[in-house]
Amino acid sequence: MQPISTPMLLLRDFTPADLNEYKKLRNDEKFQRFYSEEDSSAEKSEFLLDLFIQQSKEQPRRKFQLAVVSLAGELMGSCGIRLEDTANASVGCELGRRWHGTGAARQAAQAIIEFGFSVLKVQRIYAETIAGNKAAVNLCKSLGMHIEAERINDQFFKGASWNTIVLAINKNDWRNKELAHA
């Protein structure tokens, strides 16, 4: 797949050379606060990177979990879109703490959503996040997504129950939002 460029970053397929940096990003305590213990392990990071590389070779390709890389070549995290069916896709973005608040997550998510609507031709894109992850909820809302559902106590990890929020945007709303900002 051709990399996707934005003014501040590049989204590209992962390579095995990304493993050490990817593990470091996911090993950060603040990064892990909305992930279960199992999802925060070094083994899980290795598994995920291998999975992302495998998915990049599938034909037809239905999952695009891409490395988010700074213009200086540093691995910042990942951002992806996964086709659910011909009309729907889910998105997700994870950045290392160093890049929180820089606008990188917004640029990466904006680029992957545009890819979903323009290239993959989906009609609706959604994201799921822990309700307490205010940064993720605010990011989705800033991209024009609206809350569709909140599932109460549907996750349990780190000794607590967590609510999950589903946010979504459809292609027409995305186009209208983009036109309004042009």
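Being a predicted model, the structure only gives us computed values, none of them experimental. Values reported hereafter were calculated over all heavy atoms of this structure, with side chains retained and with hydrogens, waters and symmetry mates removed.
- In this structure, Trp162 and Phe157 have parallel ring planes: the angle between them is below the 30° cut-off, well short of the 60° mark.
- Side-chain N or O atoms of Asn163 include one that pairs as donor or acceptor with a backbone N or O of Asn153 at under 3.5 Å.
- Side-chain atoms of Lys171 and Val122, non-hydrogen and from C-beta on, never get closer than 4.5 Å to each other.
- Judged by distance alone, the side chains of Ser78 and Gln65 do bring a donor and an acceptor atom under 3.5 Å apart.
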* Run the numbers on Ile147 and Lys141 for side-chain contact (heavy atoms from CB on, under 4.5 Å), then give the verdict. => CA-CA 8 Å; Ile147 296 174; Lys141 287 180 176 180; 3.9 Å; yes

Q.
Would Leu11 and Phe64 count as a side-chain contact (heavy atoms from CB on, under 4.5 Å) here? Give the steps.
A. CA-CA 10 Å; Leu11 290 112; Phe64 301 80; over 6 Å; no

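- Note on Arg175 versus Glu114: salt bridge recorded, some NZ/NE/NH1/NH2 to OD/OE distance being below 4.0 Å.
- Asp18 places a side-chain N or O within 3.5 Å of a backbone atom of Thr15 that can act as its donor or acceptor partner.
- At a threshold of 4.0 Å, the pair Glu21-Lys24 counts as salt-bridged, since one of the basic side-chain nitrogens sits closer than that to a carboxylate oxygen.
- Around atom NZ of Lys63, no more than 12 heavy atoms belonging to other residues, nucleotides or ligands sit under 6.0 Å away.
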### Candidate pair Leu143 and Ile169, rule side-chain contact (heavy atoms from CB on, under 4.5 Å), full reasoning
CA-CA 8 Å; Leu143 294 164; Ile169 190 166; over 6 Å; no

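- The side-chain heavy atoms of Trp99 and Met8, taken from C-beta on, include no pair separated by under 4.5 Å.
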